[in-house]
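Contents: one structure, followed by commentary.
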Amino acid sequence: MNNSMYFFEMPENEPVRGYVKGSPEREDLLNEAKRQSEQEIEIPLIIGGKEVRTGDLGDVVMPHNHKHVLAKYHKVGEKEVKMAIDAAMAAHKEWSNFSVEKRTTIMLKIAELLTGKHRDLINAATMLGQSKTMHQAEIEAACEASDFLRYNAHYASQIYADQPNAGADHLNRLEYRPLEGFVFTVTPFNFTAIAANLNLAPAQMGTTTVWKPATTALLSNYYLMEIFKEAGLPDGVVNFIPGRGSLIGKNVMANKDMGGIHFTGSNNTFNHLWQATAANLPNYKSYPRIVGETGGKDFIFVHESANAKAVAANAIRGAYEFQGQKCSAASRMYVPKSLWNDVRDYMLEMLQEVKMGDITNPENFMGAVIDETSFDNIMSYINFAKESSEATIVAGGNGDKSVGYFVEPTIIEVTNPRFKSMEEEIFGPVLTVYVYDNNKLDEALELCDTTSPYALTGAVFAQDSYAADMITQRLRYTAGNFYVNDKPTGAVVGMQPFGGSRASGTNDKAGSYLNLIRWTNPRNIKEVYNPAVDFKYPWLDV
């Protein structure tokens with residue numbers, strides 16, 4: 001019998017490869033992308049470890065070349081949703097009792113496969129299917145995904161080691177049971193790492209999942225499932241069912257064993273799932289754990305003491321990397337009049353060097369937005385600004401979807417601080433700027449705090465340390481991840497646990513113990529050494 005008690009130490013973050021010109025790593029990755037682009041694969045459902053084909057097919061295409069089909073995928077039906085739930089519950093019996101060390105070993109094997117043998121595979125799939133540059137794919141599909149797994153091993157050790165005090169005559173211990181039911185995982189298109197973490201964080205703690213992946217990220221997500229299996233994840237621990245969200249949600253949410261939701265996506269969808277949970281409360285075996293990260297209307301607030309060139313460079317990165325399709329992307333900016341001309345001129349100068357196109361061309365800083373629906377939505381905001389007397393297009397403003405879904409990096413300057421594009425999430429390469437009077441700093445901070453319902457990320461730029469501290473405190477509840485003199489994107493696992501509140505989600509901080517603790521159902525056990533044999537307490541003696 002193995003009676004060892006193993007503690008997984010704090011890991012190091014996975015080093016990010018540079019993919020510089022002439023390097024073997026760049027050549028290997030581009031060769032893998034070429035290989036994948038020259039084939040068309042079939043993506044089945046994976047339920048209980050078995051491939052399931054429904055015959056109801058959809059296409060997986062390149063956003064930057066939408067006539068190029070990368071894969072055909074099978075869509076789930078009601079019968080298969082029930083099969084996935086049954087498989088998750090059948091696997092739960094054994095997985096929930098599997099030792100922590102053995103579960104963690106599998107997670108660390110997955111991390112090794114992602115950063116070693118299959119690094120090019122997962123990065124290339126993310127590039128082609130989600131139109132990410134090699135750098136954007138590397139920092140998350142390989143590095144962030146593996147960081148989640150390695151740090152979660154450490155955080156799980158911390159949780160399990162946290163035990164209550166013992167008494168002189170008894171022992172207390174906390175058993176961190178997995179949730180009693182399965183977790184419904186709903187993952188987004190924009191981060192392969194999130195797709196991995198939303199499933200494997202609950203699995204690390206002994207719970208099984210039913211996974212609804214984004215249809216626009218199926219290539220990388222399917223390869224994740226293959227990697228999970230190769231690492232030895234038992235059949236049924238994660239069940240992969242691509243298809244229509246409304247059909248999947250209706251059947252999953254009505255099931256008595258639905259024990260939790262792990263979600264990243266739109267605010268509207270999350271609200272719908274929460275409402276459906278409330279409507280089904282009398283049917284559930286336990287109150288479900290609901291963990292969600294939704295949208296953002298992330299800001300850069302500029303103080304008059306800021307370095308204008310630093311503001312411009314970080315605004316370009318924060319607003320336009322991955323076409324602004326990060327929930328943390330800079331989407332609105334407040335700039336004092338005294339700095340706006342310099343900031344604007346620096347941004348316009350930098351944008352002249354920004355290239356957009358096929359992400360396998362290393363010269364391109366940007367690819368395409370994810371699909372036609374997204375393209376049309378983004379262009380509707382730009383066109384609205386073009387027609388408004390309250391807005392001026394400072395840069396960009398054009399889009400072309402004839403070959404790929406390309407939207408130019410766009411700057412909108414507005415005179416109305418509550419203009420539509422200052423308030424609403426766009427999820428594209430659009431940055432709206434409001435220029436405030438230097439002597440109206442207080443009013444500008446109030447606008448920043450109250451304009452948007454979201455509170456995910458934000459940044460302040462100031463060289464005046466007192467001003468930076470004051471603004472940080474004043475904007476305390478505007479963002480769950482706040483940055484001083486840095487862009488509001490790029491949270492790193494183990495360094496900046498990620499999540500926001502208000503309309504941005506439950507702020508359970510992916511990449512920390514705070515998220516993992518939600519997937520446990522603790523039981524305290526008290527064991528008395530010498531039980532009482534008389535009901536009387538000493539005070540009863542007279």
Side-chain angles (χ1 to χ4, degrees), residues 41-60 71-98 103 106 178-187 195-196 198-203 205-215 217-263 265 269 272-273 276-277 280 283-286 288-289 519:
I41 68 169
E42 181 182 3
I43 298 177
L45 285 63
I46 301 177
I47 299 172
K50 295 181 175 60
E51 296 184 352
V52 177
R53 291 169 172 80
T54 64
D56 183 7
L57 297 175
D59 290 342
V60 176
K72 300 282 188 183
Y73 74 95
H74 290 261
K75 300 177 184 178
V76 71
E78 288 196 10
K79 179 181 73 174
E80 291 80 23
V81 176
K82 186 178 186 305
M83 288 169 56
I85 293 170
D86 291 344
M89 292 309 298
H92 187 281
K93 295 175 183 176
E94 203 165 353
W95 182 247
S96 64
N97 289 309
F98 207 41
R103 289 201 305 260
I106 294 170
L179 300 187
E180 198 169 1
F182 67 91
V183 173
F184 181 33
T185 56
V186 183
T187 63
L198 263 58
N199 285 286
L200 297 182
M205 306 310 286
T207 299
T208 57
T209 74
V210 173
W211 177 16
K212 193 279 177 202
T215 55
L218 285 181
L219 188 65
S220 63
N221 289 188
Y222 171 65
Y223 285 132
L224 280 178
M225 276 299 298
E226 293 289 283
I227 292 168
F228 297 168
K229 184 175 181 179
E230 183 177 340
L233 190 71
D235 295 343
V237 173
V238 176
N239 299 277
F240 175 82
I241 53 169
R244 189 156 49 92
S246 58
L247 180 146
I248 297 168
K250 180 183 73 172
N251 288 275
V252 168
M253 299 302 293
N255 191 279
K256 66 180 177 61
D257 290 312
M258 203 278 287
I261 299 171
H262 207 188
F263 175 91
T269 301
H272 174 75
L273 291 173
T277 303
N280 283 288
N283 303 324
Y284 296 136
K285 187 178 294 183
S286 304
R289 302 291 176 86
W519 312 118

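The figures here come from the full heavy-atom set of this structure, side chains too, leaving out hydrogens, waters and symmetry mates.
Judged by distance alone, with hydrogens and angles left aside, the side-chain atoms of Thr54 form a donor-acceptor pair with the main-chain N or O of Lys75 at under 3.5 Å. Put simply, the side chain of His262 gets close to the backbone of Leu198: a donor and an acceptor are under 3.5 Å apart. The main-chain N or O of Gly236 is found under 3.5 Å from a side-chain atom of Asn239 such that the two form a donor-acceptor pair. A donor-acceptor pair under 3.5 Å is absent between the side-chain atoms of Trp95 and the main chain of Pro234, judged by distance alone.
Using a 4.0 Å cut-off between charged side-chain N and carboxylate O, Asp257 and Lys285 make a salt bridge.
Classified by interplanar angle (parallel below 30°, tilted 30° to 60°, perpendicular above 60°), the ring pair Trp211/Phe240 is perpendicular.
The minimum heavy-atom distance between Ser96 and Arg103, with the atom names listed, is O-NH1, 4.0 Å. Summarising the geometry of Pro242 relative to Leu218, their closest heavy-atom pair is CB-CD2, 3.7 Å, with the distance given to 0.1 Å. Nearest heavy atom pair, residue Leu224 against residue Ala195, reads CD1-CB, 4.0 Å. Of all heavy-atom pairs spanning Ala254 and Asn280, the tightest one is CA-OD1, 3.9 Å. Shortest non-hydrogen contact noted between Asn221 and Pro213 is OD1-CB, 3.5 Å.
Between atom CE of residue Met253 and atom CG of residue Asn283 there is a gap of 11.0 Å, rounded to the nearest 0.5 Å. In this structure, the separation between CD1 on Ile241 and OG1 on Thr185 is 8.5 Å, given to the nearest 0.5 Å.
At a threshold of 4.5 Å between non-hydrogen side-chain atoms, the residues Phe98 and Ile106 count as touching. Residues Asn199 and Thr187 form a side-chain contact, since some pair of their non-hydrogen atoms from C-beta on lies under 4.5 Å apart. At least one side-chain heavy atom of Phe182 sits less than 4.5 Å from a side-chain heavy atom of Asn255. Residues Thr277 and Met258 meet the side-chain proximity criterion, which asks for heavy atoms closer than 4.5 Å. Side-chain contact between Arg289 and Val183 is absent, with no heavy-atom pair separated by less than 4.5 Å.
Crowding of Glu226 atom CD: a count of heavy atoms from other residues, nucleotides or ligands under 6.0 Å exceeding 12.
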Take Phe184 and Leu273 through the test side-chain contact (heavy atoms from CB on, under 4.5 Å) and record every step on the way to the result.
CA-CA 10 Å; Phe184 181 33; Leu273 291 173; 4.2 Å; yes
Would you list the atom pairs, donor with acceptor, under 3.5 Å between side chains in residues 82-94 and any protein atom, with sequence neighbours excluded?
| residue | atom | partner | partner atom | Å |
| --- | --- | --- | --- | --- |
| Lys82 | NZ | Asp86 | OD2 | 3.0 |
| His92 | NE2 | Leu179 | O | 2.7 |

For residues 41-48, tabulate all N or O donor-acceptor pairs below 3.5 Å that involve a side-chain atom, not counting sequence neighbours.
| residue | atom | partner | partner atom | Å |
| --- | --- | --- | --- | --- |
| Glu42 | OE2 | Arg53 | NE | 3.0 |
| Glu42 | OE2 | His74 | NE2 | 2.6 |

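Residue pairs meeting the side chain to side chain donor-acceptor pair (under 3.5 Å) criterion with at least one member in residues 242-253, sequence neighbours excluded: Glu78-Lys250, Arg244-Ser246.
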